Amino acid sequence: MPFVVQVVGATGLVGYLSFRTGKSAIADLANQLIEEVSDRIYQNLELYLEIPAKINQKKLDAIELGFGEYD
C-alpha cells in the first residue's frame with residue numbers, strides 16, 4: 001500500500017508540475033503572437049497611411065513646378 005501511495009503521489013506531482021509549465025508556455029506563446037500581430041498591423045497601417053501623404057506631396061510638387069491648372 002505505501003508503494004501505491006508513493007507512485008500515485010509522484011505521478012500527481014509530476015502531472016501538476018507539467019500542467020503548470022504547459023500553462024506558462026502557452027501564456028508566453030500567446031503574448032508573443034499578440035505582439036507579432038500588433039507589429040504587423042502597425043507596419044501595414046503605417047504603409048497604408050503613407051500613400052495619401054505621398055500623393056499629396058506629388059500634387060504639391062506639380063503645382064509648384066507649374067504643371068496643370070488649378071483654380
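Any value given below was found using the heavy atoms of this structure, including those in side chains, with hydrogens, waters and symmetry copies removed. The shown structure was predicted, so the numbers you read here are calculated from the model rather than taken from an experiment.
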**Asked** When rounded to the nearest 0.5 angstrom, what is the spacing between CD in Glu36 and CG in Asn31?
**Response** 13.5 Å
**Message:** As an exercise, state the distance from CG of Leu60 to CG of Leu65, rounded to the nearest 0.5 Å.
**Reply:** 9.5 Å
**Message:** Looking only at side-chain N and O atoms, does Gln57 offer a donor or acceptor that is under 3.5 Å from a partner on Asp61?
**Reply:** yes
**Message:** Could you measure the distance from the CD1 atom of Ile34 to the CG atom of Leu29? Nearest 0.5 Å is fine.
**Reply:** 10.0 Å
**Item:** Value rounded to 0.5 Å, distance of CG in Asn44 from CG in Leu49
**Value:** 10.5 Å
**Request:** Please answer whether the main-chain N or O of Val7 pairs with a side-chain N or O of Thr11 as donor and acceptor at a distance below 3.5 Å.
**Result:** yes
**Item:** N/O donor-acceptor pair under 3.5 Å between Ser18 side chain and Val14 backbone
**Value:** yes
**Message:** Applying a strict under-4.5 Å side-chain criterion to I, L, V, M, F, W and Y, I'd like to know whether Ile41 and Leu33 cluster together.
**Reply:** yes
